[in-house]
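Taking it in order: structure first as structure tokens, then the write-up.
We name chains A, B, ... by the order of the sequence lines, and we start the count at 1 in each one. Being a predicted model, the structure only gives us computed values, none of them experimental. Keep in mind that the numbers below use all heavy atoms, side chains included, and drop hydrogens, waters and symmetry copies.
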Number of protein chains: 2
Amino acid sequence: MDRTDRSIINLLGADARRSLADIGAAVGLSPSAVNERVRKLQATGVIRRFTVEVSHRALDESVLVFAQVLLAPEADEDAFRRAMARHPDVLECHHVSGRWSYLLKLRFAVLGDVEPFLGELKRDGHMAASETSIALSTVRERSFRDDGGL
Amino acid sequence: MDRTDRSIINLLGADARRSLADIGAAVGLSPSAVNERVRKLQATGVIRRFTVEVSHRALDESVLVFAQVLLAPEADEDAFRRAMARHPDVLECHHVSGRWSYLLKLRFAVLGDVEPFLGELKRDGHMAASETSIALSTVRERSFRDDGGL
DNA sequence: GTTGAAAAGTATTCGCA
DNA sequence: TGCGAATACTTTTCAAC
């Protein structure tokens with residue numbers, strides 16, 4: 001994991017379809033040397049996977065909601081985590097420090113889908129309390145730091 | 001944007017390096033038909049870009065923090081948004097409903113980097129108050145819903 | 001680790017249904 | 001829109017450094 005690997009990752013983050021020759025030209029390596037580095041970055045788990053970034057609007061997931069959840073004292077925390085890991089509406093689920101137990105990032109087609117989701121959590125006995133906020137607009141949204149090009 | 005497009009997007013989301021032939025076999029189309037659909041999905045902005053998913057641990061971004069920020073009444077909101085859009089530590093910045101003005105998702109190398117970041121916001125006159133929580137563990141983290149394979 | 005060239009595999013184009 | 005064949009690239013492999 002040296003400076004060159006970082007550059008390669010940044011370039012792939014911006015456009016994972018750039019050819020090895022292109023990337024090589026940018027970082028000063030031959031295509032096969034870049035290939036070997038990318039292979040290792042995948043093998044060591046630095047690169048988790050190649051994927052695609054999608055317009056939420058187009059996918060009918062226009063409503064972005066953050067929910068802070070306080071677990072009930074008698075809640076089965078493992079069951080809660082498993083439920084969150086499976087739930088289609090849950091994009092992110094983090095165990096957090098502070099007043100709340102978990103922070104959830106959720107996406108829905110319409111605002112009306114939010115209440116049933118929270119009702120479900122309550123009904124399942126997971127949740128003692130929650131506070132939700134709706135994203136009115138998004139200034140920025142990316143998945144990793146990309147400081148210092150090349 | 002029909003069912004087939006959705007399937008293609010889900011498949012690319014799981015592995016953007018799958019060949020057009022593979023994807024075609026999965027959705028019942030020829031490679032060139034898949035290619036044409038992917039091209040259109042990009043042209044219409046449904047697919048924003050091909051990218052790479054990275055291990056935060058490996059990138060020295062182990063510390064995940066969420067900060068809820070209340071803007072000062074006299075704050076220049078546009079300047080704040082521009083600052084957030086540029087700041088390397090800011091992964092996400094959403095204008096939210098409720099008690100707070102903005103929700104930030106931040107990543108740092110070490111916990112000690114958090115305080116300077118908040119100090120910076122305060123010093124710049126953007127922030128009236130904030131509440132931060134640190135992610136102790138992450139149950140799930142993905143960027144779009146992927147319900148219903150094929 | 002890196003290179004350069006050969007081999008294998010893919011994307012892309014285009015005429016046609 | 002989708003297909004299949006031809007073309008142009010790209011990735012991948014490998015012997016050598």
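- No N or O donor and acceptor, one from the side chain of B:S19 and one from the base of C:dG9, sit under 3.5 Å apart.
- Close to C:dT12, at under 4.0 Å from its OP1 or OP2, lies a side-chain N or O of B:N35.
- Atom CZ in A:F50 sits about 12 Å away from atom C1' in D:dT11, given to the nearest Å.
- Between A:Y102 and A:H95, the angle of the ring planes stays under 30°, which puts this pair in the parallel group of the 30/60° scheme.
- Rounded to an integer number of Å, the gap from CG of A:L20 to P of C:dT3 is 13 Å.
- One atom, CZ of B:R37, and another, C1' of D:dC3, lie 13 Å apart when rounded to the nearest Å.
- Contact of B:S32 with D:dG4 (side chain to base): a donor-acceptor pair of N or O atoms is detected under 3.5 Å.
- Map A:L29 and A:R17 each onto its nearest nucleotide of DNA chain C; the residue landing nearer the 5' end is A:L29.
- Two residues, A:D22 and A:R39, neighbour DNA chain D, and the one matched to the more 5' nucleotide by heavy-atom proximity is A:D22.
- Whole-Å rounding puts the B:Q42 CD to C:dT12 P distance at 8 Å.
- Going from atom NE2 of B:H87 over to atom SG of B:C93 covers 11.5 Å, rounded to the nearest 0.5 Å.
- A donor-acceptor pair is defined here as one N or O able to donate and one able to accept, closer than 3.5 Å; no such pair exists between the side chain of B:R145 and the backbone of A:D60.
- If you measure from atom CD of A:E36 to atom P of D:dT12, you get 11 Å, rounded to the nearest angstrom.
- Taking CG of A:L106 as the start and CG of A:L64 as the end, the distance is 8.0 Å to the nearest 0.5 Å.
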